[in-house]
Every structure is written in C-alpha cells, then in structure tokens.
Amino acid sequence: MSIPEFSIPITRAAFWSQEPLPGVASDPFLDTASGPPDTAFIEPLLRRRLSALGRGMLHCAGRVAADVPELRSVFASQHGEPSRTMPMLEDLAHGLDISPTQFSMNVHNAVAGIWSISRQDSSACTALGAGPETFGWGLLEAYSLHRSHGGAPVLFVYGDDRLPEVLTEFEPMQAPLHALAFLIAAPAARQLRIRRDPSVKGAAAAQSLRCLAAMANGPANTGAWAWTWV
C-alpha cells in the first residue's frame, strides 16, 4: 500500500539503548541515554514487573510526556518480549504450566498498561505490531490519532529487543535492545516527513534507528518497501 508524504509535528523526542550506539548522533532535540533506564516515577511494585525492554520504553515515555496529564498513546514493538516468550514456550514444550505473571507481562499491551496504571490515565491506548515495518505503521497510527482528535497530543513509544539465538534465522538484521518515544503535538520543535513506496523492496533495516539518523543527518531510506524519513 502506498501512502502520501506526511509531515508529523514532534514536540519532544527521547531515545534509550542498553549500550551506547555509535550510529545515534548527538542532537539537542533528542534526549539520549544508555545504561540503566530511569523509571523512578513508577512505583516499585509495578516497576519490578517490567523487563529491560519495558523499562527502556517507559524511560523514554517519561522523558517526553511526564508532565502531560492525559493523552492518547501508541505503543509499538515488532517482537514484544522475547525474553519472556521463550521461557514460556520452553515450559510448554516440557509439559509444564505457564507462569501467570510471565504471561500477563508477555501480552503486547503490557507495557502500555503499566504506563496507564502508573499515571492513573484512562486515555485510549493502542498496542501495535506489524512485522519489520512496525515502527513506520505505529508512527502513522499515532499521527492519525493526533489528526482525528483535533490536534490533541499523542504519545508514540517504540521498543525492541534482540531475538534469542534459536530464532535469529527468522530475523537476520536485528537491532540491539533500544527504545524511543515521540510526543506528537503542536507547536512542533521538529517536523518529521515520511513517505512509503511499496514498489521498492529490499532487506529490512532498523526503521527506528534509521529515522533517528535521518532527523540528525538528513534523509535515510530503510529498505523494506522504502520508508523514507526526512
């Protein structure tokens, strides 16, 4: 499916990775961090339920939207929680029962639920997964919510972790554990223009990291149906 070019207003942006990534340029607009994520704003009982990926995603969400009392949100991840999924699959393979706690935090909207509960914010939230194009479609979903609700601010959060070794053959081009968040609102500090050309196909690349590089250094093409970020 082709889409026209969109210009998305971004007020704030944050990026987190477990280890410093050399491809992410320093930019005053982008709040960048690595190492232990900052989730002190989440009460300990909830925080203990989060994986490293979940903590990274909420670190970024808190950086861009902690002072916004109520807002719709889109949480996107291609793989979700592989560190939780694999142990459950191994238990099933050995005829064991699945841990209810592991299962409850493995569903695709678990991190979004922790965010909502911690803020006591009942605003609508979408959890989205769309294969290697998850970042692009998640961003468009968030922008659509912004447009369809009179320009109201919308939080977009994306995060992914590496797959375990047994599954790497299904995803040869993996990005390291990382997360990012955009607050889509006006007035914008930065306009992100995106377009998608389905006639151009290629190997999937890390859309999220390519997008950040494009915002700092100029246009970048991700392959995989040619999403272009400007």
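All residue numbers in this chain count up from 1 along the given sequence.
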Could I get the full list of side chain to side chain donor-acceptor pair (under 3.5 Å) partners for Ser73, not counting sequence neighbours?
none

Do any side-chain atoms of residues 38-46 form donor-acceptor pairs under 3.5 angstrom with protein atoms, and if so which ones, sequence neighbours left out?
unit_1: Asp38; atom_1: OD1; unit_2: Ala40; atom_2: N; d: 3.2
unit_1: Asp38; atom_1: OD2; unit_2: Arg63; atom_2: NH1; d: 3.2

Do Leu155 and Val68 come within less than 4.5 Å of each other through their side chains, counting heavy atoms only?
no

Taking every heavy atom of Leu192 against every heavy atom of Cys211, the minimum-distance pair comes out as CD2-SG, 3.7 Å

Do any pairs count as a side chain to side chain donor-acceptor pair (under 3.5 Å) and have a residue in residues 10-19, sequence neighbours left out, and if so which ones?
Arg12-Asp67

Got a sec, which pairs hit side chain to side chain donor-acceptor pair (under 3.5 Å) with one end in residues 140-155, sequence neighbours left out?
Arg72-His149, Tyr143-Arg147

Taking only residues at least two apart or on different chains, which pairs with a member in residues 108-120 satisfy salt bridge (charged side-chain N to carboxylate O under 4.0 Å, His left out)?
Arg119-Asp121

Rounded to the nearest 0.5 angstrom, the CZ-OG distance for Arg49 and Ser51 is 12.0 Å

Of all the heavy-atom pairs spanning Val157 and Met57, show the shortest one and how long it is.
CG1-O, 3.6 Å

Can you tell if the side chain of Leu139 reaches within under 4.5 Å of the side chain of Phe6, non-hydrogen atoms only?
no

Within this structure, what is the OG1-CZ distance for the pair Thr126 and Phe75, rounded to the nearest 0.5 Å?
10.5 Å

With sequence neighbours left out, what residues match Ala188 under side chain to side chain contact (heavy atoms under 4.5 Å, CB included)?
Pro9, Gln191

Look at the aromatic rings of His178 and Tyr158 and report parallel, tilted or perpendicular, splitting at 30° and 60°.
tilted

Could you measure the distance from the CG atom of Leu140 to the CG atom of Leu145? Nearest 0.5 Å is fine.
11.0 Å

Sequence neighbours excluded, which residues qualify as side chain to side chain donor-acceptor pair (under 3.5 Å) partners of Arg190?
Asp27

What closest approach, in Å, do Gly138 and Ala76 show between heavy atoms, and which atom pair accounts for it?
CA-CB, 4.4 Å

For His59, all residues meeting side chain to side chain donor-acceptor pair (under 3.5 Å), sequence neighbours excluded:
none

With sequence neighbours left out, the residues meeting side chain to side chain contact (heavy atoms under 4.5 Å, CB included) with Ala142 are Val74, Val154, Phe156, Ile184

Looking at CG of Leu71 and SG of Cys125, how far apart are the two atoms once the value is rounded to the nearest 0.5 Å?
9.5 Å

Passes side chain to side chain contact (heavy atoms under 4.5 Å, CB included), Ile194 versus Ile8? Steps please.
CA-CA 8 Å; Ile194 65 173; Ile8 300 179; 4.0 Å; yes

Check for a donor-acceptor pair, side chain of Asp160 on one end and backbone N or O of Gln78 on the other, with a separation under 3.5 Å.
yes

Of all the heavy-atom pairs spanning Gly159 and Ser77, show the shortest one and how long it is.
O-OG, 2.8 Å

Of all the heavy-atom pairs spanning Gly129 and Thr134, show the shortest one and how long it is.
C-OG1, 3.7 Å

Here the pair of heavy atoms bringing Arg48 nearest to Arg55 is CA-NH2, 3.9 Å

dist Leu180:CG -> Thr32:OG1 (nearest 0.5 Å) comes out at 10.5 Å

